[in-house]
Amino acid sequence: MKRFNSVPLIMAKSIQTNLFHNIGVDLGTTKTLVYVKGRGIVVNEPTVVATNNKTGQILAIGQEAEGMLGKTPLHISAIRPLSSGVISDFEVTEKMLHYFLERCKAKGVLGRIFDWPRLVIGVPTGGTEVEKRAVEDVARSAGAKEVYLIEEPIAVALGAQLKIKESQGIFIADIGGGSTEVAVISLGGVVVSKSLRVAGDKLNEDIIYYFRDKYKLSIGEKTAERIKIFIGSAVDLGTNQEMNVKGRDLTRGLPKEIRVKEDDIREAISPSLEKIIGAIKDTIESTPPELIGDIMETGVILSGGTSMLRGFDKLLEDSVDLPVNLIDDPVTSVIRGIGIILENVEDYKDILINIIRENPPL
Ligand SMILES: Nc1ncnc2c1ncn2[C@@H]1O[C@H](COP(=O)(O)OP(=O)(O)OP(=O)(O)O)[C@@H](O)[C@H]1O
Ligand SMILES: [Mg+2]
């Protein structure tokens with residue numbers, strides 16, 4: 001009897017599996033990326049939403065909303081609903097994610113009827129249970145039928161094509177917009193980790209304060225980010241770059257343009273870079289000796305947008321006496337790792353976190 005029963009059971013399971021639309025999300029402070037199984041990365045947009053304060057209506061999401069940052073009239077707010085890697089505005093995050101998920105919907109009538117999104121979504125290792133649950137809740141409210149969480153450093157390691165399930169230690173430093181996540185991975189899990197709310201946003205803030213103090217010039221967040229990306233550096237690279245910066249003179253209240261040098265920007269951001277390096281050193285100090293041996297060979301894998309700051313890899317290498325490898329395309333490493341999971345769910349189901357128990361096993 002069992003043999004006859006198992007056929008419909010297998011069929012039902014297979015139909016159920018096919019009805020699920022497997023989607024991966026990297027919900028970052030600066031950028032949100034979405035991966036659809038079989039299609040690849042379909043959304044790569046700034047985590048910004050513009051709303052009308054009077055009506056609560058959403059006016060723009062992603063790229064378009066980012067263009068409004070710092071330029072909105074009183075009745076419009078362009079906001080970033082995540083701060084330091086954590087959801088700070090649940091409702092706006094939900095609307096944004098819902099909008100991105102709608103874009104991933106399957107085409108055709110059948111696709112629309114049987115569209116049950118199953119989400120695998122990245123979370124910082126240092127996050128609390130409440131923060132993790134908020135990510136899960138936001139994904140469900142945005143339309144996901146099943147939600148699984150994955151620790152971001154593990155996704156980065158997968159994105160770097162590393163074999164995460166072996167007993168070989170892997171050292172990941174993911175320096176994004178809102179947070180720095182440092183973790184040592186072995187046997188498919190995180191052995192040691194450290195999370196720091198200092199990353200790209202803090203560097204922008206440092207630049208804004210520096211201009212205010214040194215040049216009495218008020219500049220916006222986007223200008224600070226441009227300066228960081230164009231002439232920012234972590235060590236003296238001998239390039240002596242310069243650029244013109246426009247802002248408002250704080251003493252006269254009038255527009256002013258000044259020319260700034262690479263060295264000035266390095267001075268502005270150095271204390272924060274030291275904090276990031278400090279977190280990496282602390283993690284090395286807490287790593288079990290057997291894993292340190294592995295890491296001396298494989299080195300530190302650097303990921304996240306801020307790891308592209310010119311000379312940062314060199315500063316780190318000089319500070320920790322370990323080889324440093326900047327991952328290819330550091331901004332997409334988390335979502336590429338999640339993509340690998342989605343394409344081979346059976347192989348990775350044991351490393352996914354499922355904090356709401358009503359999800360059936362994958
Ligand atoms: N070339 C560059 N030099 C320096 N910083 C850069 C460069 N390119 C991007 N960044 C910075 O990288 C940060 C965004 O990185 P990323 O997309 O990894 O963050 P995120 O995943 O959205 O944030 P988090 O993981 O902290 O929640 C921004 O602060 C951006 O200014
Ligand atoms: Mg990130």
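When a ligand or atom number is given, it counts from 1 through the structure's own listing order.
The shortest heavy-atom contact between Ile265 and Gly232 is CG2-CA, 3.9 Å. Of all heavy-atom pairs spanning Val25 and Leu97, the tightest one is CG1-CD1, 4.0 Å.
Using a 4.0 Å heavy-atom criterion, the residues that approach ligand 1 are Gly28, Thr29, Thr30, Lys31, Gly85, Gly176, Gly177, Gly178, Ser179, Gly200, Asp201, Glu225, Lys228, Ile229, Gly304, Gly305, Thr306, Met308, Leu309, Val331.
Taking Phe211 as the reference, Tyr215 meet the ring-ring contact (aromatic ring centres under 6.0 Å, His included) condition, with sequence neighbours excluded. For Glu205, the side chain to side chain donor-acceptor pair (under 3.5 Å) criterion is met by no residue, not counting sequence neighbours. Among residues two or more places apart in sequence or in another chain, the salt bridge (Lys or Arg N to Asp or Glu O under 4.0 Å) test is passed with Asp89 by none.
Side-chain contact check for Ser83 and Ser88: no donor-acceptor pair (N or O, by modelled atom type) lies under 3.5 Å.
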